[in-house]
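Nothing fancy with the numbering, it's 1 onward along the sequence. All values derive from a computational prediction rather than experimental measurement.
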Amino acid sequence: MAVRVFVAGGSGVLGRRLVPRLVARGHRVTATTTGAPGLALLRELGADGVVMDGLDALSVGAAVAGARPDVIVHQLTAISVAHAGKPDIRHPDRWFARANRLRTEGTDHLLAAAEAAGVPHVVAQSHASWNGVREGGWVKTEEDPLDLMEGTPAHGGMLALRHLEDAVLRAGGAALRYGAFYGPGAVDDQVELIRRRQYPLVGRATGYSSWIHLDDAASATVLAVERRARGVFNIVDDDPAPAAEWLPYLAECAGAKRPPRVPVWLARLLAGEQAVVMMTQGRGFSNAKARRELGWESRYSSWYQGLGAVASGVCVSVHGCAWARLHVRFGWRSGRGTGVLAPNA
């Protein structure tokens, strides 16, 4: 059944993949952007565009009331260079300052507007890449808590994610914990750092991360909208992997030299605690619940299938980085097969 969908953040990196999929499914979409230049893009995608400030309660309330939606999809972030400046992993409290406000204040404004307008369902963007609790196995489910990174500059951002999830769940909605995005426009900053040799491996680089292609994230979001999903869902591929595997692979696909390796103490000094945790202790995530309850199937079951294809055009197909993939699989992944890794394995 076609519904009216309000996509907050429709001109963002995921919104640009999500909006046309919702339109193709017959839904009437209103999508927001932060300025007038984004309206033309939203029209091209098939949506009714509206300029909205996610941190202004009046702006949010007016936009939602005008759209009269059946569901709100919260994709408000501010992580791109245009909004947050150059990546600053040493100071995530500064780098993610506006994004953290959108995940707290912005979430509250959207939920208040939803209540005022009688919107029955909300789907919101959360995050599950490397930030699972650092205990037990390497792969976490929705039942496992996220790592709050107490005592580090990342703590505020982790609290913002918890605020978003708690608020959305209280409202009867769904929080989609997306893995690390890759796809058009999503890894350009990382590739640039790799080419400058400013994205090193840290220590043994055994920390796990989970990835997701933008198109797969969008398809899962459409299902969450159409199935009136409730609860938390990990939207990640089948293949959580340590940095020692995915980072050299991405470098090879980008035509860059193999990333240098630095000791933990030096990485902590230069890049901060978040970088060290991600590279050495990060936990990945299982997508079993999303597959089971949403009926979701990803196009790219593993990062090695799709990551190279978007490394600034160096690899143009699944086979474009065959040498790198074999090097990773048989050099660094010896003894481990592909496929879904069991939770807490």
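- Here CG of L164 is found 11.0 Å from CG of N100. Values are rounded to the nearest 0.5 Å.
- Summarising the local packing, CD of E150 is surrounded by more than 12 heavy atoms from other residues, nucleotides or ligands at distances under 6.0 Å.
- Residues R170 and L111 are not in side-chain contact: their nearest non-hydrogen atoms beyond the backbone lie 4.5 Å or more apart.
- Every pair tested for salt bridge (charged side-chain N to carboxylate O under 4.0 Å, His left out) that includes a residue from residues 110-121 fails, sequence neighbours excluded, so the list is empty.
- For the atom pair CG of D166 and CG of L161, the computed distance is 10.5 Å after rounding to the nearest 0.5 Å.
- A pairwise comparison of heavy atoms in R291 and W296 identifies CG-O, 3.4 Å as the closest pair.
- Residues satisfying the salt bridge (charged side-chain N to carboxylate O under 4.0 Å, His left out) test with R4, not counting sequence neighbours, are D70.
- Contacts of R196 classified as salt bridge (charged side-chain N to carboxylate O under 4.0 Å, His left out), with partners at least two apart in sequence or in another chain: E192.
- The side-chain heavy atoms of S301 and D239, taken from C-beta on, include no pair separated by under 4.5 Å.
- Panel note: side chain Q190, backbone V187; no donor-acceptor pair is recorded below 3.5 Å.
- Put simply, the side chain of H109 never gets that close to the backbone of G61: no donor and acceptor are under 3.5 Å apart.
- With a 4.5 Å cut-off between side-chain heavy atoms of Ile, Leu, Val, Met, Phe, Trp and Tyr, the cluster of L58 takes in none.
- Annotation: side chain of N131 is in contact with side chain of F285 (closest heavy-atom distance under 4.5 Å).
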T280 vs R204, side chain to side chain contact (heavy atoms under 4.5 Å, CB included): CA-CA, chis, key distance, verdict: CA-CA 7 Å; T280 64; R204 295 176 59 198; over 6 Å; no
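- Interatomic distance, E142 CD to K289 NZ, rounded to the nearest 0.5 Å: 5.0 Å.
- Judged by distance alone, the side chains of H213 and Q305 never bring a donor and an acceptor atom under 3.5 Å apart.
- A distance-only check finds a donor-acceptor pair linking the side chain of D216 to the backbone of Y300 [under 3.5 Å].
- Between the side chain of R177 and the main chain of I235, no donor-acceptor pair closer than 3.5 Å is present.
- Ring centers of W303 and Y249: under 6.0 Å apart, within the cut-off.
- If you take CZ on F233 and OG1 on T221, they are separated by 11.5 Å, rounding to the nearest 0.5 Å.
- What you find for P240 and S210 is that their closest heavy atoms are CB-OG, 3.5 Å.
- Not counting sequence neighbours, S129 has no partner by the side chain to side chain donor-acceptor pair (under 3.5 Å) test.
- Atom CZ of residue R292 and atom CG of residue N287 lie 10.5 Å apart, to the nearest 0.5 angstrom.
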Pair up each side-chain donor or acceptor in residues 36-55 with any protein partner under 3.5 Å, not counting sequence neighbours, and list the distances.
from, atom 1, to, atom 2, distance (Å)
D48, OD2, R28, NE, 2.7
D48, OD2, R28, NH2, 2.8
D53, OD1, L55, N, 2.9

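- A donor-acceptor distance shorter than 3.5 angstrom exists from the side chain of T152 to the backbone of M149, with no hydrogens or angles considered.
- Here the closest heavy-atom approach between residue A267 and residue V262 is recorded as CB-CG2, 3.9 Å.
- Without hydrogens or angle criteria, S286 side chain to K140 main chain gives no donor-acceptor distance under 3.5 Å.
- In this structure, Q198 places its CD atom where more than 12 heavy-atom neighbours from other residues, nucleotides or ligands lie under 6.0 Å away.
- Using a 3.5 Å distance cut-off with no hydrogens or angles, the side chains of T107 and H74 do pair a donor with an acceptor.
- Among residues two or more places apart in sequence or in another chain, the side chain to side chain donor-acceptor pair (under 3.5 Å) test is passed with R68 by none.
- When side chains are defined from C-beta on, I212 counts as touching F181, because their heavy atoms get closer than 4.5 Å.
- Of all heavy-atom pairs between R25 and V222, the closest is CG-CG1, 4.1 Å.
- Following chains of ILVMFWY side-chain contacts shorter than 4.5 Å, one can reach Y304 starting from Y199, so the two form part of one hydrophobic cluster.
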From CA spacing to verdict: side chain to side chain contact (heavy atoms under 4.5 Å, CB included), D108, H163: CA-CA 9 Å; D108 292 345; H163 175 95; 2.9 Å; yes
Can you list, pair by pair, the side-chain donor-acceptor contacts under 3.5 Å of residues 119-126, counting residues two or more places apart and other chains?
from, atom 1, to, atom 2, distance (Å)
H121, NE2, A229, O, 2.7
Q125, NE2, Q75, OE1, 2.5
S126, OG, E165, OE2, 2.6

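- For R197, the side chain to side chain donor-acceptor pair (under 3.5 Å) test picks out no residue, with sequence neighbours left out.
- Judged as a salt bridge (charged side-chain N to carboxylate O under 4.0 Å, His left out), not a single pair has a partner in residues 277-288 (not counting sequence neighbours).
- For residues 267-277, every residue pair satisfying the side-chain hydrogen bond (donor to acceptor under 3.5 Å, both in side chains) rule, not counting sequence neighbours, is listed here: R268-E273.
- Sorted by first and then second residue, the side-chain hydrogen bond (donor to acceptor under 3.5 Å, both in side chains) pairs with a member in residues 8-20 read S11-T33, R17-D215; sequence neighbours excluded.
- The number of heavy-atom neighbours closer than 6.0 Å to CZ of R21, taken from other residues, nucleotides and ligands shown, is above 12.
- Residues P184 and L214 meet the side-chain proximity criterion, which asks for heavy atoms closer than 4.5 Å.
- In terms of heavy atoms, T32 sits closest to F6 at CG2-CZ, 3.3 Å.
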Side chain to side chain contact (heavy atoms under 4.5 Å, CB included) evaluation trace for D147 with Q281: CA-CA 11 Å; D147 188 351; Q281 301 179 65; over 6 Å; no
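- Of all heavy-atom pairs spanning A256 and I194, the tightest one is CB-CG2, 3.8 Å.
- Atom CG in N234 sits 10.0 Å away from atom CG in L176 (nearest 0.5 Å).
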